[in-house]
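Down below is the structure, laid out as structure tokens.
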Amino acid sequence: MLGIIYLVATPIGNLADISRRALETLAAVDLIACEDTRHTGKLLNHFNIKKKLVSYHEHNEQARTAELAEFLKQGKSIAVVSDAGTPAISDPALKIVQKAHEIGAQVVAIPGAAAFVSALIVSGLPTDSFFFGGFLPSRKNERRKRLSDVSNIPATLLFYETPHRLSKSLTDCLEILGNRKAAVARELTKLHEETVLGSLEELTDKFSQSDVKGEIVLVINRAEISDFESQLSNEKSLPERVAELETEGIDRKFALKRAAKEFGLPRSEAYRILQTEKIKQ
Ligand code: SAM
């Protein structure tokens, strides 16, 4: 009989958010695989749980997955936890989940906090459809490309961000996505919890001047419906659309890329149309 693997969510800042089922599971399993044994050790101490811990983090995920699979094959049950929130959400767990499925072991979720869900519901932005993009790339060019790739998704966009990159990311969001409504949700469930609402322009301005600390989720509105309608009705030509995006503060390269996508054209073709238009003028 194979063991069961439990993916146990832990609090994202407020220990009172741990669920009774999480505590019962952590107390009952044979082994807990966690990102940082000291960090999880403190959590378990707080709740008076004594359990064997093994480290399972991004640097040993591959090797540990094989070991954990052996435990499962011996019929032992395992809980996987990350430092905070839900395992496998911008945290390790995916590999052992895939391996468990491969060997036929049962995978059970013990749900709880995930920072992006809390950020979404406090943001006041539409919750009917959302896109969670994890961390934005740290390199400027890659970040701008990622933003350009998601710019037309008709959903509220959510990203995890670090305090030292927030200002740069907001600037890129403004330039690539245009001046949308957004929210910076910081230190959720903690003492200094705050959610700052504003346009991307206002938030860029605010956070370029203040020294921000703590953990952050960036929430950004979808493109306005009117944008999509104008694209669909095709009232504008491609060069007009590029010019319009440029007036919204999006630089030419990304404006062209986005317009090409909206018109369903390869970028080279969009570029050719733009050049032809220039020659005519
Ligand atoms: N597994 C976690 C989850 O379920 O949300 C995410 C882990 S990821 C390594 C850590 C990032 O999540 C932080 O850098 C921050 O962007 C976000 N985060 C975690 N806790 C948060 C909090 N209390 N308030 C705001 N953002 C938080």
Side-chain angles (χ1 to χ4, degrees), residues 5-19 21-22 25-26 32-40 42-43 46 55-61 64 79-97 107-125 127 130-139 143 146-147 150 156-170 172-173 182-198 203 206-207 210-220:
I5 188 146
Y6 296 92
L7 303 174
V8 181
T10 57
I12 54 168
N14 187 327
L15 286 183
D17 289 335
I18 194 134
S19 73
R21 197 163 159 241
T25 306
L26 292 173
I32 299 175
C34 55
E35 267 192 287
D36 179 339
T37 51
R38 273 182 50 199
H39 185 94
T40 300
K42 281 186 198 155
L43 177 83
H46 182 87
S55 68
Y56 179 77
H57 46 69
E58 57 177 335
H59 305 295
N60 71 359
E61 211 179 344
R64 272 285 196 257
V80 177
V81 300
S82 61
D83 282 353
T86 300
I89 300 297
S90 295
D91 268 337
L94 184 64
K95 287 205 167 62
I96 183 60
V97 170
V107 181
V108 173
I110 310 292
F116 77 87
V117 177
S118 294
L120 175 65
I121 61 173
V122 298
S123 72
L125 294 171
T127 56
F130 57 87
F131 171 86
F132 169 60
F135 285 95
L136 280 170
S138 54
R139 292 208 181 118
R143 185 165 60 231
R146 178 80 49 85
L147 288 168
V150 301
T156 299
L157 307 176
L158 293 127
F159 299 103
Y160 285 164
E161 203 37 278
T162 60
H164 70 276
R165 274 206 305 261
L166 178 66
S167 171
K168 286 181 194 150
S169 288
L170 282 168
D172 289 338
C173 288
V184 172
R186 204 173 66 80
E187 294 288 88
L188 293 158
T189 76
K190 301 187 204 176
L191 187 62
H192 298 292
E193 168 166 358
E194 69 166 355
T195 304
V196 187
L197 308 176
L203 294 174
K206 177 179 166 62
F207 288 102
S210 64
D211 190 14
V212 64
K213 290 196 174 66
E215 298 195 280
I216 292 160
V217 186
L218 186 52
V219 193
I220 304 167

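Each ligand, and each atom within it, is numbered from 1 in the order the structure gives.
Here the straight-line distance linking atom CD1 of Ile110 with atom OG1 of Thr86 works out to 11.5 Å at 0.5 Å rounding. Atom OG1 of Thr162 and atom CD of Glu215 lie 10.5 Å apart (nearest 0.5 Å).
With hydrogens and angles disregarded, a donor-acceptor distance shorter than 3.5 Å links the side chain of Arg143 to the backbone of Ser138. Between the Arg186 side chain and the Thr195 main chain, no donor and acceptor come within less than 3.5 Å of each other.
Nearest non-hydrogen protein atom to atom 25 (C) of ligand 1 is Glu215 O, 3.2 Å. Given atom 22 (C) of ligand 1, the protein heavy atom at minimum distance is Leu188 N, 3.6 Å. The closest protein non-hydrogen atom to atom 3 (C) of ligand 1 is Tyr160 OH, 3.5 Å. Regarding atom 26 (N) of ligand 1, its nearest protein heavy-atom neighbour is Val217 CG2, 3.4 Å. Closest to atom 10 (C) of ligand 1 among all protein heavy atoms lies Phe135 CZ, 3.9 Å.
Of the N or O atoms in Ala114, none lie within a sub-3.5 Å distance of an N or O in ligand 1. Taking any N or O of Pro87, backbone or side chain, none lies under 3.5 Å from an N or O belonging to ligand 1.
The closest heavy-atom contact to atom 18 (N) of ligand 1, among the options Gly112, Ala115, Gly134, comes from Ala115. Between the choices Asp83, Ile216, Asp91, the shortest heavy-atom distance to atom 7 (C) of ligand 1 belongs to Asp91.
The proximity of Lys190 to ligand 1, defined as any non-hydrogen pair under 4.0 Å, is limited to the side chain. When non-hydrogen atoms are compared, ligand 1 lies under 4.0 Å from the backbone of Ala84 (N, CA, C, O) but not from its side chain.
Under the 30°/60° scheme for interplanar angles, the aromatic rings of Tyr160 and Phe116 are found to be tilted.
Salt-bridge check for Glu187 with Lys213: failed, with every basic side-chain N at 4.0 Å or more from each acidic carboxylate O.
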Exercise for review: List the steps and the verdict of side-chain hydrogen bond (donor to acceptor under 3.5 Å, both in side chains) for Asp91 and Ser82.
Suggested key: CA-CA 7 Å; Asp91 268 337; Ser82 61; 3.0 Å; yes
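Close contacts of ligand 1 with Thr86, meaning ligand atoms under 4.0 Å from a residue heavy atom, involve 1 (N), 3 (C), 4 (O).
Atom CZ of Phe130 sits in a sparse spot, with 12 or fewer heavy atoms from other residues, nucleotides or ligands closer than 6.0 Å.
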